[in-house]
2 protein chains.
Amino acid sequence: MSRRNYSQFCGLAHALDVVGERWTLLIVRELGSGPKRYTQLADTLAGIGTSLLATRIRQLEADGIVRRRLATDQPSSTVLYELTAAGRELAEAIIPLAVWGARHQMDDADVDNEAFRAEWVLGFLVAGSEGVSSDIDGMYEFHVDDSVACLRVRDGRMSVKTGACAERADVVVQMTRHVVASIAAQRTTITEAIAEGAITTQGEPAAVARLAAIVDGRIYSRLHAG
Amino acid sequence: MSRRNYSQFCGLAHALDVVGERWTLLIVRELGSGPKRYTQLADTLAGIGTSLLATRIRQLEADGIVRRRLATDQPSSTVLYELTAAGRELAEAIIPLAVWGARHQMDDADVDNEAFRAEWVLGFLVAGSEGVSSDIDGMYEFHVDDSVACLRVRDGRMSVKTGACAERADVVVQMTRHVVASIAAQRTTITEAIAEGAITTQGEPAAVARLAAIVDGRIYSRLHAG
DNA sequence: CTGGATCCAAGCTGATACTG
DNA sequence: CAGTATCAGCTTGGATCCAG
């Protein structure tokens, strides 16, 4: 009944005792961009199988990382899964790992053969809140191929949500996944890509420039630090 | 032959394709505190089994995270495993996850029944280099129960090594694992523990105070941020 | 000291079928 | 829609023994 565990008095070992099994961290990633329904998770996590997904969610609930909630605005008794406070901290804690993966383990060959979502690639922009000055606020809508996600910056913190922005976005940008791949791999910057026309933008030029500064500054301070 | 993979164009998914299997990240953690021999790894990672360890090391080598090297100062042809540049970046990227685990998933009940090493608990002090002003240098030797590790701070960066400091340490501190557990869980600070006599110190009072400020400041800025 | 080989147990995948 | 149940087949992991 009790899961396999490492039995080491070490933060990493304890973290992996809880979220080290296959699929578990990807579920946390999914819920990091807003509450989701069971079938939404099953769709996005292609290959998990309904039985294993149910098991993983149960484990995450038992460990206080995920909470189930009844959607109030939905017609029937639709269940929503959302992160607890500890779960949100976990979702932030894995961002450096995601950035590492984007930088070191993703190459162009993958782009066309893999599943893709805009919110997955926005994730690495949310790398910590301390770098963004708290007077920059904004809603930025990203269209990558046919996928849409919303990046919100407020009070020096960033958050990502699946789908279009709820309110009107300050800036709407459109690009292909190949452009995203180039930026992730640091072969180009968002500023360059906009200048070259690889990214089309709608919105005030000042707001666009602000977004570009955030993203490029973020990427460089993060990845060129080491 | 090729490993199971998630097939998602996402940094986290790609990172987990490479280091998501059981034991892999713990091997990276071990090599984060200095190069190690095969048997050292096998000893520390109790339960892994020699065959699986060999497989994991081979995978990490193939993925450019670990490199093998012949120890020049050793008698025979002893092999040493060490992290590559990408591996060191990975070791840094998983520190927030380790901090999360220490904060949320470790409680007192574990302390006596689990394996323990001083370098494991020093790991969460190394949480990023940007917080330490670059004029603080020092070598701090930690004795926790019978385990010894060395924390070095230089040029605003921290690093952890297994065993006693190579050079003479500025400060030597001695404590039990229970005190470490209390600090990790934020039930006390290192400053308080020293004042109460739960930690004994050797070295100049000014250097001790500097260490205390580093550790306590680091913990609080990291964990009270969210 | 560094692993390879082996055997068995545990975990994962995929499919299908069934319930409130 | 939101799961649970089951089951066969495959892949991984664990433990022990053994070889260069």
Side-chain angles (χ1 to χ4, degrees), chain A residues 1-8 13 16-27 30-31 35-62 66-82 115, chain B residues 1-8 13 16-27 30-31 34-63 66-82 115:
Chain A
M1 191 58 55
S2 75
R3 260 173 301 176
R4 194 145 55 180
N5 68 302
Y6 290 111
S7 253
Q8 295 184 351
L16 293 176
D17 283 343
V18 171
V19 296
E21 289 169 309
R22 197 166 155 75
W23 295 111
T24 309
L25 274 183
L26 292 191
I27 295 173
E30 283 309 304
L31 297 180
K36 301 272 188 303
R37 291 201 312 260
Y38 187 90
T39 39
Q40 284 182 286
L41 290 171
D43 287 350
T44 314
L45 303 170
I48 188 177
T50 172
S51 188
L52 188 56
L53 176 56
T55 303
R56 289 287 182 269
I57 292 176
R58 231 179 296 122
Q59 292 172 328
L60 285 168
E61 276 187 82
V66 165
R67 176 174 44 214
R68 75 171 60 204
R69 201 184 66 191
L70 294 174
T72 53
D73 56 337
Q74 291 296 97
S76 67
S77 63
T78 313
V79 178
L80 279 181
Y81 297 96
E82 66 181 359
Chain B
M1 191 60 54
S2 74
R3 259 172 301 177
R4 193 143 56 179
N5 68 303
Y6 290 112
S7 251
Q8 295 184 350
L16 293 176
D17 283 344
V18 171
V19 296
E21 291 166 308
R22 196 166 156 77
W23 295 110
T24 308
L25 274 183
L26 292 191
I27 295 173
E30 283 308 305
L31 297 179
K36 301 271 188 302
R37 291 202 312 263
Y38 188 89
T39 39
Q40 285 182 286
L41 291 172
D43 287 351
T44 314
L45 303 171
I48 188 177
T50 172
S51 188
L52 187 56
L53 175 57
T55 304
R56 290 287 182 269
I57 293 176
R58 226 182 301 121
Q59 292 171 327
L60 286 168
E61 276 187 82
D63 291 320
V66 165
R67 177 171 47 211
R68 74 172 60 204
R69 201 184 66 188
L70 293 174
T72 53
D73 57 337
Q74 290 297 95
S76 65
S77 63
T78 313
V79 179
L80 279 181
Y81 298 96
E82 65 181 1

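Keep in mind that this is a model prediction, so the values were computed, not measured. The sequence lines fix the lettering, A, B, ..., with proteins before strands; numbering per chain opens at 1.
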> Of all residues at least two apart in sequence or in a different chain, which pass the salt bridge (Lys or Arg N to Asp or Glu O under 4.0 Å) check with B:Arg4?
Replying inline: none

> Rounded to whole angstrom units, what separation is found between the CG atom of A:Leu53 and the P atom of C:dG11?
Replying inline: 18 Å

>> Taking only side-chain N and O atoms of A:Arg68, does any of them lie within less than 4.0 angstrom of OP1 or OP2 on D:dG3?
In response: yes

> Which whole-number value in Å describes the distance from A:Ile27 CD1 to C:dC12 P?
Replying inline: 11 Å

>> Nearest whole Å is fine: how far is C:dC12 P from B:Glu21 CD?
In response: 12 Å

>> Going by the rule side-chain hydrogen bond (donor to acceptor under 3.5 Å, both in side chains), which residues pair with A:Asp17 if we only count those two or more places apart in sequence or in a different chain?
In response: none

>> What is the separation between atom OH on B:Tyr6 and atom P on D:dT11, rounded to the nearest whole Å?
In response: 17 Å

> Which nucleotide, D:dG3, C:dG4, C:dC1, lies nearest any side-chain atom of B:Thr78?
Replying inline: C:dC1

> side-chain hydrogen bond (donor to acceptor under 3.5 Å, both in side chains) with B:Arg22: which residues, sequence neighbours excluded?
Replying inline: none

> Listed by chain and number, what are the side-chain hydrogen bond (donor to acceptor under 3.5 Å, both in side chains) partners of B:Arg68, not counting sequence neighbours?
Replying inline: B:Glu61

> So, are B:Glu82 and B:Arg69 salt-bridged, with charged N and O less than 4.0 Å apart?
Replying inline: yes

>> Taking only side-chain N and O atoms of A:Thr39, does any of them lie within less than 4.0 angstrom of OP1 or OP2 on D:dG3?
In response: no

>> Just the rounded figure in Å: distance from P of D:dT11 to CG of B:Asn5.
In response: 14 Å

>> Counting primed atoms plus P, OP1 and OP2 as sugar-phosphate and everything else as base, spell out the protein contacts along nucleotides 14-20 of chain D at 4.0 Å heavy-atom distance: B, S or - for each nucleotide, 5' to 3'.
In response: SBBB---

>> Pair A:Tyr38, A:Val79 - check side chain to side chain contact (heavy atoms under 4.5 Å, CB included), show working.
In response: CA-CA 7 Å; A:Tyr38 187 90; A:Val79 178; over 6 Å; no

> Does the side chain of B:Tyr38 get closer than 4.0 angstrom to OP1 or OP2 of C:dG4 through an N or O atom?
Replying inline: no

>> How many whole angstroms separate atom CG of B:Leu26 from atom P of D:dG13?
In response: 13 Å

> So, is B:Arg58 close to the C:dG4 phosphate, meaning a side-chain N or O under 4.0 Å from OP1 or OP2?
Replying inline: yes

>> Without decimals, in angstroms, what is the distance between B:Arg3 CZ and D:dG13 C1'?
In response: 15 Å

Which donor-acceptor pairs under 3.5 Å do the side chains of residues 39-46 of chain B make with protein atoms, sequence neighbours left out?
residue : atom : partner : partner atom : Å
B:Gln40 : OE1  : B:Arg37 : N            : 2.8
B:Thr44 : OG1  : B:Gln40 : O            : 2.8

> How close or far is atom C1' of D:dT12 from atom CZ of B:Arg56, stated in whole angstroms?
Replying inline: 8 Å

